[in-house]
Amino acid sequence: VTVEVTGLLQREAWRERRLPPVEQLRPWLWSIPVPMPRSPLRYVLVYALDTAGGLVVLDTGWNTPVAWTALTDGLAGIGASVAAVAGILVTHAHFDHYGLAGRIRAESGAWIALHRAEAAGLRHGLDAAQIRARYRDNLIGTGARPDVAERLAGPADAWRHAAEQPYPDRVFDDGDVLVPDLDLRAVWTPGHTPGHSCFVLPGHRLLLSGDHVLPRISPNISAYAGNVGNDAAGGPLAAYLDSLAAVADLDVDEVLPGHEYRFTGLADRSADLIEHHRLRLDEVLTAVREAPGSTAWEVAQRLTWSRPWHEMGEQQWPHAAGEALSHLQLLAHRGRIAGTAGTPVRWKEQHHG
Ligand SMILES: [Zn+2]
């Protein structure tokens with residue numbers, strides 16, 4: 001095994017279910033864990049970079065009081081402050097990474113930078129009730145019972161954050177240099193989200209990987225029927241596998257992820273993740289073969305998860321069904337299966353004469 005954990009204090013804290021400490025990783029670089037109560041991910045790792053253009057933070061944490069306190073305390077602990085933040089780089093617009101960007105900008109005047117494809121997803125023009133309805137309809141399209149979909153969508157108020165996400169000041173593309181003195185460049189890695197991006201510092205041999213490559217878990221690659229931005233050929237899983245191939249050859253020593261702990265061995269970890277999905281595609285094809293006409297929701301119940309479907313908690317069901325759907329879409333793109341028209345979509349093996 002050539003994947004080695006370098007964040008030893010982080011892994012020790014993970015095993016003991018504690019929040020890891022703030023750590024200085026380079027003379028100009030710190031990691032600040034920001035807690036995510038009641039999430040199995042436990043915390044997001046925010047990075048603080050001392051640059052020629054001022055203090056830059058990379059990812060931010062959930063928009064909650066406990067996360068805000070951890071972030072402000074963490075910055076104070078390294079002799080900085082929210083008011084001193086000059087820029088906010090964001091790997092993707094999920095709430096654990098993007099949630100506090102607006103509040104930091106309001107208190108500091110910092111710019112927010114996000115990939116073009118991720119920014120495009122923010123300007124949907126929908127209010128909280130419409131976003132909720134779209135989510136519920138997507139669940140029904142994957143095969144959730146309407147009453148279950150209604151319950152899982154929760155109250156409309158819970159979607160207010162999704163309707164009110166701040167728009168970035170800077171929109172970047174693959175390869176753009178975002179911090180010149182550190183030669184920090186964007187690497188567009190769609191899959192987990194349409195505009196997910198990693199940031200590489202070739203001179204420092206570092207990759208800040210967000211959720212794209214994590215040391216222990218495989219990030220959720222979800223497709224929802226009709227979801228905006230997931231319309232690339234082969235769907236988000238095809239994009240994710242291409243994005244893994246794109247980072248595997250980067251010449252870096254250490255990977256600084258958005259969760260869990262730092263590690264080395266990017267090429268091997270990327271290969272592990274590609275292999276994970278190859279096996280998963282086989283498992284999904286077998287599930288369709290054994291139960292022709294299954295929905296993604298039904299396929300998900302036949303797959304192996306870290307906890308079985310009925311023990312994982314129903315809030316995890318949409319993630320599991322979305323993950324099953326992304327594999328079904330890629331199998332369909334490869335001509336192995338086909339989905340019916342209509343709602344919900346049902347899947348059958350394709351036999352080629
Ligand atoms: Zn994410």
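Everything quoted here is computed from the prediction, not taken from an experiment. Ligands are counted one by one from 1 in listed order, and the atoms in each one are counted from 1 as well.
For the side-chain contact (heavy atoms from CB on, under 4.5 Å) with Leu89, the qualifying choice from Asp59, Leu184, Leu208 is Leu184, the only one to do so.
Defined by atom type and a distance below 3.5 Å, a donor-acceptor pair is present between the side-chain atoms of His277 and His327.
No continuous path of hydrophobic side-chain contacts links Val66 to Val22 [ILVMFWY only; heavy atoms under 4.5 Å].
Taking the Zn ion (ligand 1) as the apex, the angle formed with OD2 of Asp211 and NE2 of His192 is 90°, to the nearest 10 degrees.
The aromatic rings of His92 and His196 lie tilted to each other, with the angle between the two planes from 30° to 60°.
The Zn ion (ligand 1) has an N, O or S atom of His94 closer than 2.8 Å. Distance check for His97 against the Zn ion (ligand 1): none of its N/O/S atoms falls below 2.8 Å.
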